[in-house]
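All values derive from a computational prediction rather than experimental measurement. Along the sequence shown, residues are numbered consecutively beginning with 1.
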Amino acid sequence: MISRETQTAEDQAARTIIERCGISLLDAALLIQQLFRRLPGHGEKIIRAEKCIESGKRAYERQTRTVTFEAAVEAALRTKRHRRPRTVAEIKYFCHRLMKRCEGLSKRSVRTIQPEECQRWIHQSFHTDRQRYKARLIMSGVFSVACKRGWRTDNPASSRVLDISPPREKEIRVLSLQEIEELKISASRHHTGACCAALGFMLYAGIRPAEIVRLTWDMIDLEDNVINLPSRHTKTGGARQVSIRPVLKRWLQETSLLQVECPPQPGQPICPKNWKAKWRHVRHQAGWGIEARPWIQDVLRHTFASYHIKHFRDLSELQLEMGHSRPDLLQTRYLNLSGLSAQVASIFWGSPTPFYQ
């Protein structure tokens, strides 16, 4: 039996402990009551309460753990270190510009940043629709990494919460059969045909101009008729496989002797040395690059996409060939079927017109 003196001493010790916690005796009693009511399982209440408190502590730490926006950017860059230097540099540029122009952003906790702040910062830091759209994509990527690391639970820069629409793309017309023939003739006549293969891959396989300079002959499989683009060589960072259609294979076979004096070796680039200057010269000789007829960098890729959908009529296949994550990118940016007939598209994918003249 506990004596009155012992009870008084324990009561006083309890009061002292509770007062040091900065709460009243009543609040302490109510907390204990809530804890015991919510204890799961059976057995000694004190032991179960200690386990419950420890589990709650760990859960609360996960919910409140966070880092600064600057640290989140560094973490996002580490996840992108396998991407092309140009992509990494672009992420750094947009993030550093945001942190430079938005006071206090770099040291802000990522958990406390709100969507309306992201919207304001993007409009404050960038002035064109294209820049703002790109900034939102990059910010969303940073917050996506933060969510995966447990630094916040939602993405305040996602397309679902920010009202920043993609820029309206200017319509790029496709090349006519005559213009294509002029380019092919020019490529075959100049620089001993060294630009022919690259022209064929851009025109008949939709390879991007930036991807063509990284393409090597060991990525070309003429047995299975595919081009294997590894993730490190693509714009989006995802590997893709592109079909080598008969028209492209014939073009490669017909121009192979003009490209090099011996068969291409594994690892050998598709593009010749001094590619940019030679390709510019080929275009100029075909009538492009003058003020009245400027060359558009992605015109061959746009031409490939439009002729492809007009002839094969398979949007999902074209999406895979182009390496797009969403089909709407094709419909809003690449497809221009104005004045393009099925007969012309069929000729495009048929036998190439003889170019030896």
Side-chain angles (χ1 to χ4, degrees), residues 75-94 134 137-138 140-142 144-145 148 194-253 255-256 259-260 262-276 278-279 297-305 308 312 314-330 333-334:
L77 285 170
R78 286 194 294 273
T79 67
K80 303 292 185 183
R81 61 182 178 272
H82 66 286
R83 300 290 296 276
R84 294 184 294 112
R86 179 179 174 182
T87 300
V88 175
E90 191 175 57
I91 295 172
K92 286 182 178 179
Y93 167 76
F94 276 87
K134 190 70 175 180
L137 288 175
I138 289 174
S140 180
V142 171
S144 178
V145 171
K148 291 176 182 177
C195 298
C196 285
L199 168 59
F201 287 121
M202 289 188 289
L203 178 63
Y204 293 118
I207 304 298
R208 294 180 176 94
E211 292 172 342
I212 197 69
V213 298
R214 296 186 291 272
L215 199 65
T216 55
W217 282 104
D218 55 311
M219 300 176 195
I220 312 302
D221 187 343
L222 293 177
E223 294 293 327
D224 290 336
N225 293 320
V226 293
I227 305 163
N228 296 299
L229 289 166
S231 58
R232 67 181 181 277
H233 282 72
T234 65
K235 177 182 177 180
T236 58
R240 80 178 191 271
Q241 199 173 70
V242 185
S243 301
I244 297 178
R245 304 278 176 185
V247 63
L248 173 56
K249 193 167 186 177
R250 284 193 296 269
W251 173 253
L252 295 175
Q253 291 168 342
T255 59
S256 60
Q259 296 170 35
V260 288
C262 57
Q265 300 300 311
Q268 180 179 333
I270 296 293
C271 297
K273 291 182 179 180
N274 200 19
W275 156 252
K276 288 185 178 180
K278 289 178 179 177
W279 175 229
Q297 179 174 325
D298 283 326
V299 69
L300 294 180
R301 184 168 163 84
H302 282 255
T303 297
F304 163 80
H308 190 290
F312 299 107
D314 190 333
L315 189 61
S316 59
E317 180 185 37
L318 179 58
Q319 180 187 344
L320 291 174
E321 300 270 284
M322 298 283 281
H324 286 173
S325 59
R326 305 192 316 273
D328 58 293
L329 290 175
L330 287 172
R333 294 189 59 187
Y334 282 92

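Applying the ring pair (Phe, Tyr, Trp, His ring centres under 6.0 Å) rule to Tyr93 yields no partners; only residues at least two apart in sequence or on another chain are considered. Under the rule for a salt bridge (Lys or Arg N to Asp or Glu O under 4.0 Å), Lys278 has no partner lying at least two apart in sequence or in another chain. Phe201 meets the ring pair (Phe, Tyr, Trp, His ring centres under 6.0 Å) test with no other residue; sequence neighbours excluded. Listed by chain and residue number, nothing satisfies the side-chain contact (heavy atoms from CB on, under 4.5 Å) test with Ala89 (two or more places apart in sequence, or in another chain). Residues satisfying the side-chain contact (heavy atoms from CB on, under 4.5 Å) criterion with Pro230, sequence neighbours excluded, are Met219, Arg232, His233. Legend: residues meeting side-chain hydrogen bond (donor to acceptor under 3.5 Å, both in side chains) with Asp221, ordered by chain and number and at least two apart, are absent. For Ser144, the side-chain hydrogen bond (donor to acceptor under 3.5 Å, both in side chains) test picks out no residue, with sequence neighbours left out. Applying the side-chain hydrogen bond (donor to acceptor under 3.5 Å, both in side chains) test to Gln241 and every residue at least two apart in sequence or in another chain returns Asn228. For the side-chain contact (heavy atoms from CB on, under 4.5 Å) test, residues two or more places apart in sequence or in another chain that qualify with Asn225 are Ile244, Lys249. Annotation: side-chain contact (heavy atoms from CB on, under 4.5 Å) contacts of Ala76 (sequence neighbours excluded): Val142, Val145.
Between Gly267 and Asp218, the shortest heavy-atom contact is N-OD1, 3.1 Å. Among all heavy-atom pairs drawn from Met202 and Ile207, the shortest one is CG-O, 3.4 Å. The heavy-atom pair separating Leu248 from Ala205 by the smallest distance is CD2-CB, 4.1 Å. Looking at every heavy atom in both residues, Phe304 comes nearest to Leu203 through CB-O, 3.3 Å. Minimum interatomic distance between Arg240 and Glu321 (heavy atoms only, all atoms of both residues): NE-O, 3.1 Å. Here the closest heavy-atom approach between residue Ala305 and residue Met322 is recorded as CB-CE, 3.9 Å.
With rounding to the nearest 0.5 angstrom, the CD1 atom of Ile227 is 10.0 Å from the CD atom of Glu211. Atoms CZ and CZ, from Arg214 and Arg208 in turn, are 9.5 Å apart once rounded to the nearest 0.5 Å. Between the CD atom in Glu317 and the OG atom in Ser243 there is a gap of 6.0 Å [rounded to 0.5 Å].
At least one side-chain heavy atom of Ile220 sits under 4.5 Å from a side-chain heavy atom of Ile270. Looking at heavy atoms from C-beta onward, Ser316 lies out of side-chain contact with Leu318 at the 4.5 angstrom threshold. Leu77 is listed as a side-chain neighbour of Lys92, based on a closest heavy-atom distance under 4.5 Å. Looking only at side-chain heavy atoms (C-beta outward), Thr255 and Leu199 stay at 4.5 Å or farther from each other. At a threshold of 4.5 Å between non-hydrogen side-chain atoms, the residues Leu215 and Ile212 count as touching.
Using cut-offs of 30° and 60° for the angle between ring planes, the Phe312 and His308 rings count as tilted.
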Requested in this report: Apply the test side-chain contact (heavy atoms from CB on, under 4.5 Å) to residues Val247 and Arg250: give CA-CA distance (whole Å), side-chain angles for both, the deciding distance (0.1 Å), then the verdict.
Outcome: CA-CA 5 Å; Val247 63; Arg250 284 193 296 269; 4.1 Å; yes
Query raised in the report: For Gln268 and Thr216, what are the C-alpha separation, side-chain angles and deciding distance, and is it a side chain to side chain donor-acceptor pair (under 3.5 Å)?
Result: CA-CA 5 Å; Gln268 180 179 333; Thr216 55; over 6 Å; no
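Panel note: side chain Trp275, backbone Cys195; no donor-acceptor pair is recorded below 3.5 Å. Arg83 places no side-chain N or O within 3.5 Å of a backbone atom of Lys80 that could act as its donor or acceptor partner.
Using a cutoff of 4.0 Å between basic side-chain nitrogens and carboxylate oxygens, Glu90 and Lys134 are scored as salt-bridged.
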